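Please read these numbers as outputs of a predicted model, since none were measured by experiment.
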Amino acid sequence: MARGLTTAIKTVLASNKINPVTLIYLGIGSGTRYTDHYKDISYDGNTYTASSLFLGSSEVTEESNVAVDSITIAFTGADQTIISLLLNNQYMDKDVEVYKGFLNSSQALIADPFLMFKGRIESFSLQEVEQSSQVSISIASNWADFEKIAGRKTNTSSQELFFDGDLGFDFASQSVQQIKWGKEWEIF
């Protein structure tokens, strides 16, 4: 996965001094940013808040064909911050970005972190047991709705929203036949 990585990131990956950090953007509410580092990290004009709430994410995979990839990111539910964020805001289809970056020996971010995964929130679940609580957020890639056609009708104005100048549905209303259910038809 070397494509798109800066020279500085490639150099770090080739060394034996790897100090990774994860940066997460949740597009819920006005947008929140978290990092798994012990102190806040600034990147691209935004501050990613150091938080022990972020527990980790599932493995990110890549495929050569178009597929709906998904990951799950986990937060602790012991602190009500994430639960409150999800319950008090519209969370469905909100953007999520997961970046992986690396720190140098003075704990400063090296060059540009790379985008590991970008998608939208599908759902979340809360698992609680006597000793712990965990919030899991399921995120699907932007291909999740690739085959879904919502709100389209077989008329010219709907068709032209997607294909300007296409007159394929100009006569669609004339080609509709009535189907009478429950009656026997006479064959001539």
Side-chain angles (χ1 to χ4, degrees), residues 1-63 67-129 131-144:
M1 185 168 140
R3 67 182 170 1
L5 299 179
T6 62
T7 304
I9 294 292
K10 290 178 187 177
T11 304
V12 169
L13 291 173
S15 75
N16 62 353
K17 299 177 184 176
I18 297 176
N19 190 3
V21 64
T22 305
L23 307 173
I24 295 180
Y25 167 73
L26 298 173
I28 304 169
S30 59
T32 56
R33 292 174 167 78
Y34 295 103
T35 181
D36 59 354
H37 194 52
Y38 71 90
K39 64 179 184 177
D40 294 354
I41 293 180
S42 292
Y43 167 63
D44 201 24
N46 298 304
T47 300
Y48 290 80
T49 306
S51 176
S52 60
L53 300 176
F54 175 63
L55 298 176
S57 68
S58 61
E59 187 176 313
V60 176
T61 59
E62 276 192 356
E63 295 182 29
V68 179
D69 294 326
S70 64
I71 65 167
T72 301
I73 56 175
F75 293 89
T76 181
D79 182 316
Q80 296 292 308
T81 305
I82 298 296
I83 297 171
S84 176
L85 182 68
L86 290 165
L87 293 177
N88 293 323
N89 293 285
Q90 295 291 330
Y91 64 88
M92 289 295 292
D93 285 333
K94 296 299 180 182
D95 290 330
V96 175
E97 296 172 356
V98 180
Y99 292 91
K100 184 60 80 175
F102 298 94
L103 304 173
N104 62 19
S105 59
S106 61
Q107 301 299 305
L109 194 61
I110 297 172
D112 293 323
F114 62 92
L115 183 63
M116 243 177 43
F117 192 85
K118 182 176 182 176
R120 296 185 314 241
I121 297 175
E122 283 191 319
S123 64
F124 80 94
S125 63
L126 176 62
Q127 298 88 29
E128 290 190 348
V129 293
Q131 310 302 336
S132 66
S133 175
Q134 180 175 316
V135 177
S136 299
I137 302 173
S138 297
I139 304 157
S141 69
N142 291 326
W143 291 106

> Short question: side chain of T72, backbone of S136 - any donor-acceptor pair under 3.5 Å?
Replying inline: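 Absent.
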> Where the side chain of N89 meets the backbone of I28, is there a donor-acceptor pair that is under 3.5 Å apart?
Replying inline: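 No, the answer is negative, given that no donor and acceptor are paired below the 3.5 Å cut-off.
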Would you compute the distance between atom [atom1] of [X] and atom [atom2] of [Y] and round it to the nearest 0.5 angstrom?
X    : Y    : atom1 : atom2 : answer
E128 : S133 : CD    : OG    : 4.0 Å
N104 : I110 : CG    : CD1   : 5.0 Å
T32  : L85  : OG1   : CG    : 5.0 Å
I41  : N46  : CD1   : CG    : 13.0 Å
I121 : D95  : CD1   : CG    : 9.0 Å

> Should L103 and H37 be marked as a side-chain contact (heavy atoms from CB on, under 4.5 Å) after you check the CA-CA gap, both sets of side-chain angles, and the distance that decides it?
Replying inline: CA-CA 10 Å; L103 304 173; H37 194 52; 3.1 Å; yes
>> Centroid separation under 6.0 Å, is that true for the rings of F124 and Y91?
In response: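 When the ring centroids of Y91 and F124 are compared, they turn out to be within the sub-6.0 Å range.
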> Any chance the rings of F75 and Y34 have centres within less than 6.0 Å?
Replying inline: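 Yes, the ring of F75 comes within the 6.0 Å limit of the ring of Y34, centre to centre.
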>> Show, in sequence, the C-alpha distance, side-chain angles and deciding distance for S125 and Q127, and conclude whether the side chain to side chain donor-acceptor pair (under 3.5 Å) test is met.
In response: CA-CA 7 Å; S125 63; Q127 298 88 29; 2.6 Å; yes
> Step by step, would you call T76 with V135 a side-chain contact (heavy atoms from CB on, under 4.5 Å)?
Replying inline: CA-CA 6 Å; T76 181; V135 177; over 6 Å; no
> Between Y43 and Y48, what is the ring plane arrangement, given parallel below 30°, perpendicular above 60°, and tilted in between?
Replying inline: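 Y43 and Y48: tilted rings.
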>> Can you confirm whether more than 12 heavy atoms, excluding those of K100, are under 6.0 Å from its NZ atom?
In response: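 For K100, atom NZ is crowded (more than 12 foreign heavy atoms under 6.0 Å).
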